[in-house]
Amino acid sequence: MARIIEITDFSAPELDVYARLTERQLQGRDEKAQPLFIAESPNVILRALDAGYEPVSLLMEGKHIDGAARDVVRRCEDIPLYTADLPVLTQLTGFPLTRGVLCAMRRRPLPAAEEVCAGARRVAVLENVMNPTNVGAIFRSAAALNMDAVLLTPSCCDPLYRRSVRVSMGTIFQVPWTFLGSGTHDWPHPGMEQLAAMGFRTAAMALREDSVSIDDPRLMAEEKLAIVLGSEGDGLSTDTIAHCDYTVRIPMSHGVDSLNVAAASAVAFWQLGNR
């Protein structure tokens with residue numbers, strides 16, 4: 001049976017993890033605390049549980065205990081379940097978007113890139129993609145369109161950032177991922193060499209005169225391909241493009257010069273994915 005604890009005051013310390021801790025604090029960077037993240041909505045929480053993430057506490061409207069969150073509550077019987085009336089909960093920024101259910105969960109140590117890519121034929125590499133909405137959308141496309149893994153350079157947004165998890169619809173818990181290195185000095189070198197050592201040929205998504213079309217048969221013929229996508233504003237760095245095996249463009253019409261990185265990722269994954 002769940003340990004139901006009713007909250008009547010927005011300032012209650014039990015709400016700190018949901019209402020007052022910054023992303024940095026949740027990650028445990030400011031003190032020797034267990035790193036956490038927040039999963040929102042029953043479907044996202046269930047996907048995290050299926051992936052083996054450990055729940056710490058739940059927060060929801062009382063009506064969801066035997067309603068939309070019934071399966072979540074059943075699987076989280078040994079943790080505190082905080083409940084409050086809607087006027088209290090609506091003081092939480094963004095709470096109306098969560099379908100009324102939040103779960104604080106423990107982070108796990110990140111695996112090595114070699115572990116994430118074991119057996120993979122198609123991986124996405126994100127270079128300096130810092131917008132959490134874009135990161136979440138890219139993960140959703142990666143899960144739907146046959147990417148075996150996602151690798152992120154150290155300057156990318158954390159995929160477990162609250163908005164990234166929400167936008168991904170929980171697919172962040174279904175696609176293996178990790179960071180390529182721990183600091184900006186690790187990309188593009190030795191990150192590019194690490195990809196090569198794992199057997200990947202690299203395809204830089206960039207609009208250049210010397211690029212090949214995304215439907216070039218040589219790309220699909222590659223046994224192992226890493227699709228490298230750049231930041232929202234500047235795209236891929238010149239150094240990264242220079243060291244990739246291919247520079248690849250998505251043909252466009254009506255004078256459009258580029259796509260948002262999340263939209264470009266969906267096109268690239270559909271065309272080049274592991275089908």
Side-chain angles (χ1 to χ4, degrees), residues 112-114 116-131 134-135 137-156 175-181 184-275:
E114 289 76 9
V116 166
C117 294
R121 294 187 60 244
R122 295 291 185 269
V123 301
V125 179
L126 309 187
E127 179 185 89
N128 304 338
V129 179
M130 293 176 279
N131 184 300
N134 284 337
V135 169
I138 291 169
F139 266 88
R140 191 171 182 183
S141 293
L145 301 172
N146 304 297
M147 289 292 106
D148 298 316
V150 176
L151 303 173
L152 304 99
T153 67
S155 294
C156 281
V175 180
W177 63 271
T178 195
F179 283 91
L180 272 170
T184 55
H185 59 279
D186 290 323
W187 182 264
H189 311 287
M192 296 291 292
E193 289 74 20
Q194 192 174 2
L195 289 169
M198 291 187 287
F200 287 98
R201 301 272 280 175
T202 46
M205 301 300 300
L207 293 169
R208 287 169 47 124
E209 292 297 326
D210 58 350
S211 60
V212 300
S213 177
I214 196 170
D215 59 0
D216 190 301
R218 290 174 294 176
L219 296 169
M220 289 302 296
E222 292 289 355
E223 179 63 24
K224 300 176 74 172
L225 189 67
I227 301 165
V228 189
L229 297 140
S231 65
E232 295 86 348
D234 299 328
L236 291 172
S237 70
T238 301
D239 194 12
T240 296
I241 295 172
H243 286 84
C244 282
D245 298 298
Y246 299 95
T247 304
V248 181
R249 69 180 182 277
I250 299 171
M252 285 181 258
S253 61
H254 296 291
V256 176
D257 60 356
S258 65
L259 294 174
N260 167 274
V261 65
S265 74
V267 175
F269 299 164
W270 166 253
Q271 178 65 33
L272 303 174
N274 184 20
R275 299 200 292 271

Note to self: Checking Met220 against Leu272 for the side chain to side chain contact (heavy atoms under 4.5 Å, CB included) test, could you report, in this order, the C-alpha distance in whole Å, the side-chain angles of both residues, the deciding distance, and whether it holds?
What the structure shows: CA-CA 6 Å; Met220 289 302 296; Leu272 303 174; 4.0 Å; yes
Once rounded to the nearest 0.5 Å, what's the spacing between atom [atom1] of [X] and atom [atom2] of [Y]?
X: Ile214; Y: Met205; atom1: CD1; atom2: CE; answer: 4.0 Å
X: Thr153; Y: Leu180; atom1: OG1; atom2: CG; answer: 8.0 Å
X: Arg208; Y: Thr238; atom1: CZ; atom2: OG1; answer: 7.0 Å
X: Leu151; Y: Ile227; atom1: CG; atom2: CD1; answer: 11.5 Å
X: Gln194; Y: Phe200; atom1: CD; atom2: CZ; answer: 11.0 Å
X: Asp216; Y: Gln271; atom1: CG; atom2: CD; answer: 10.0 Å

Please report the closest heavy-atom contact between [X] and [Y], naming both atoms and the distance.
X: Ala149; Y: Val116; answer: CB-CG1, 3.5 Å
X: Val228; Y: Cys244; answer: CG2-SG, 4.1 Å
X: Ile241; Y: Ala206; answer: CD1-CB, 3.8 Å
X: Phe269; Y: Ile138; answer: CE1-O, 3.8 Å
X: Pro154; Y: Asp186; answer: CG-CB, 4.5 Å
X: Arg122; Y: Glu223; answer: NH1-O, 3.4 Å

Check: Do Asp215 and Ser213 get their side chains close enough for a donor-acceptor pair, meaning under 3.5 Å?
Finding: yes
Item checked: From CA spacing to verdict: side chain to side chain contact (heavy atoms under 4.5 Å, CB included), Asp239, His189 -> CA-CA 9 Å; Asp239 194 12; His189 311 287; 3.4 Å; yes
Item checked: Neighbour count above 12 (heavy atom, 6.0 Å) for Asp210 CG -> yes
Only pairs under 3.5 Å count here: list side-chain donor-acceptor contacts from residues 246-255, not counting sequence neighbours, and write none if there are none.
{"residue": "Tyr246", "atom": "OH", "partner": "Glu222", "partner atom": "OE2", "Å": "2.5"}
{"residue": "Arg249", "atom": "NH1", "partner": "Ser211", "partner atom": "O", "Å": "2.4"}
{"residue": "Arg249", "atom": "NH1", "partner": "Ser211", "partner atom": "OG", "Å": "3.3"}

Checklist line | Residues Trp187, Thr240; criterion side chain to side chain contact (heavy atoms under 4.5 Å, CB included); working and verdict | finding: CA-CA 9 Å; Trp187 182 264; Thr240 296; 3.5 Å; yes
